[in-house]
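Only one structure is covered here, and it is reproduced in the block below.
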Amino acid sequence: MTVQPAPPPFTDLAEIPAIVAAARTGYRDGVVRSLDQRRAQLDRLRRLLIDGEDALLGALAADLGKSSTEAYATEIGFTLSEIDHARRHLARWAAPEKVRVPLRLRPAKARIVREPLGVIGIIGPWNYPVQLVLAPLVAALAAGNTAVLKPSELAPACSAVLAELIARHFDPAVVGVVTGGVAETTALLAERFDHLLYTGNGRVGRVVAHAAAEHLTPITLELGGKSPAVVTAGADIAVAARRIAWGKFLNAGQTCIAPDYVLVEEAVHAPLLDALQRSVGEFFGEDPAASPDYGRIVNDHHHDRLTGLLDAGGFERVVVGGGADRGTGYLAPTVLAGVSPAAAVMQEEIFGPILPVLAVAGVRQAVEFIAERPHPLALYVFGDRATAEEVIGSTTSGGAAVNATMLHLAVPDLPFGGVGPSGTGAYHGEAGFLRFSHRRSVLDRGVRPDPPVLYPPYRRWKRKLLRAVQ
Ligand code: NAD
């Protein structure tokens, strides 16, 4: 939305090294090492979300016009579920993995110990400004790390509330916060972390990867891309339209795994367009601008970018929507038909409430269309199981869902992440725990017997024996 509260003061650049140093000292002092300490920190995060609910919902409304129901479900409730899931499974996740030792090395035992990495840097974007810094924090704390968070300056109210809540609920030796924009993030990236998780666009993803390379710091990049929805002739069209419209227009289309565009088989093209139009009406009424359940575009820059995509044309008609009001950040839920693959709206991730629908002759053509383009973050297929499996089996994407959009993200034990240009690494549930853990291999050998076969001098009999037992 354009009407924003005054931006919060940014973190003083000179203070940033000390914020990271505090988290490092905390890690060295073992403040989140034991499972009980980790559970206690997760409980703090739970309390922060419960005590801070009103402030967070207010900030999400101010930054993005999010309805409180949507904001609760996708930001606060989502993070609470991640906390509860981590708490419930922590002992199992943290348990050492037993590994079989080959006969020739016995007597010995081998195990893989899941150890924390150290200090995790978490850099978040503006579209789910709460969830996308706090869900990685759940994984970081569960795995026994300390962390420094950097919320997005483009969601200024959320950034301010998060900074205040974290300072109130956490010891800076466990979780620190840096607020600010490019200068502050650049200063933060100059510090050494043990892992960096960045969520946002690929351009800044490259900046993060360069900065991390200086310290040989491993990274997780949660990026975006154009996630297609394929609607095949066997689909239940009313259900497909509802689920696509829901996924697309949630948070006014500003969701990394929103269906970016639709490829629909010719046979069901017209019925799908009708059903999409109906779904928009059912969800947001005659005038979506008046719906309390419809969000706003984050700022003028993105509003101009999105209306620019519409102005650039390359499509035959607007099926529904098209209206915009820059002053309030409103952009109507919009469905476009007869869209050319060369249209501006098909050249970049839309990241807004514009849904291009492209007709294809058949499933093979849809598969080719997807396979020719960069691997997306998500892929959705509507239709019978066999056709869906064919589409999934012939393409690559970060995640996929059949007869659903977005909901794969809500299954805690499905790793969430991209592939290639849509991201590196994944988190959520145990995948998050493992992402922020080092799997340390430990061999523990008995002292007796201590046969001389491994030791020089390498006589013939030793060489023969070594070959025999390989
Ligand atoms: P953004 O502009 O808020 O940037 C994210 C972070 O990068 C911010 O904290 C910002 O301060 C920092 N930053 C910006 N420019 C920088 C620079 N030059 N140097 C260092 N740091 C810098 O968010 P965004 O990138 O506009 O977010 C939208 C993108 O994020 C979309 O592409 C979307 O698909 C993707 N996304 C991905 C996921 C996911 O989980 N994979 C989730 C949400 C959004």
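First listed ligand is number 1; within each ligand, the first listed atom is number 1. What's counted below: heavy atoms across the whole structure, side chains too, no hydrogens, waters or symmetry copies.
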Between T220 and R435, do the side chains contain a donor N or O and an acceptor N or O under 3.5 Å apart?
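The answer is yes; a qualifying pair exists.
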For [X], atoms of ligand 1 separated by under 4.0 Å from a heavy atom:
X: P125; result: 3 (O), 5 (C), 23 (O), 27 (O), 43 (C)
X: V207; result: 19 (N)
X: T199; result: 5 (C), 37 (C), 38 (C), 39 (C), 40 (O), 42 (C), 43 (C)
X: G124; result: 5 (C), 6 (C), 8 (C), 9 (O)
X: G224; result: 34 (O)
X: E222; result: 37 (C), 38 (C), 39 (C), 40 (O), 41 (N)
X: L132; result: 42 (C), 43 (C)
X: K150; result: 8 (C), 9 (O), 10 (C), 11 (O)

Considering both backbone and side-chain atoms of [X], is one of its nitrogen or oxygen atoms within less than 3.5 Å of a nitrogen or oxygen in ligand 1?
X: H302; value: no
X: T186; value: no
X: N201; value: yes
X: S152; value: yes
X: L154; value: no
X: V204; value: no
X: L223; value: yes

Out of [options], whose heavy atom sits nearest [atom]?
atom: atom 23 (O) of ligand 1; options: F416, W126, F351, Y427; answer: W126
atom: atom 32 (O) of ligand 1; options: H210, E349, H428; answer: E349
atom: atom 29 (C) of ligand 1; options: A187, G200, P151; answer: G200

Determine whether any heavy atom of G423 lies closer than 4.0 Å to an atom of ligand 1.
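In this structure, G423 fails to qualify as a contact of ligand 1 - no heavy atom is under 4.0 Å.
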Quick one: does Y198 get a heavy atom under 4.0 Å from ligand 1?
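The answer is yes: ligand 1 sits under 4.0 Å from a heavy atom of Y198.
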Do the charged groups of [X] and [Y] touch, with an N to O distance under 4.0 Å?
X: E115; Y: R439; result: no
X: E214; Y: R192; result: no
X: R364; Y: E368; result: no

Under 4.5 Å between any side-chain heavy atoms of [X] and [Y], yes or no?
X: V204; Y: Y198; answer: yes
X: H428; Y: E82; answer: yes
X: P228; Y: P376; answer: yes

Of all the non-hydrogen atoms in the protein, which one sits nearest to atom 39 (C) of ligand 1, and at what distance?
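Looking at atom 39 (C) of ligand 1, the protein heavy atom closest to it is C256 SG, 3.4 Å.
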Among all protein non-hydrogen atoms, which one is nearest to atom 17 (C) of ligand 1, and what is the separation to 0.1 Å?
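Going by distance alone, atom 17 (C) of ligand 1 is nearest to V182 CG1, 3.7 Å.
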Tell me the closest heavy-atom pair linking [X] and [Y], and the distance in Å.
X: T217; Y: F193; result: OG1-O, 3.0 Å
X: N145; Y: V32; result: O-CG2, 3.3 Å
X: A86; Y: L42; result: CB-CD1, 4.3 Å
X: P341; Y: M346; result: O-CB, 3.4 Å

Could you go through K226 and E348, starting from their C-alpha distance and side-chain angles, then the distance that decides it, and tell me whether this counts as salt bridge (charged side-chain N to carboxylate O under 4.0 Å, His left out)?
CA-CA 7 Å; K226 287 183 87 62; E348 60 179 76; over 6 Å; no
Quick one: does ligand 1 sit under 4.0 Å from the side chain of [X], the backbone, both or neither, non-hydrogen atoms only?
X: E153; value: side chain
X: T255; value: neither
X: T185; value: side chain
X: N127; value: side chain

Begin with the C-alpha distance, continue with both residues' side-chain angles, and end with the deciding distance and a verdict on salt bridge (charged side-chain N to carboxylate O under 4.0 Å, His left out) for R24 and E191.
CA-CA 11 Å; R24 181 153 310 281; E191 298 299 312; over 6 Å; no
Whether the side chain of Q254 engages the backbone of R296 through a donor-acceptor N/O pair (distance < 3.5 Å, no angle test) should be reported.
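Here the side-chain-to-backbone pair exists.
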Mind checking the CG-OG1 spacing from L250 to T255? Nearest 0.5 Å is all I need.
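Spacing of CG (L250) from OG1 (T255) equals 5.0 Å.
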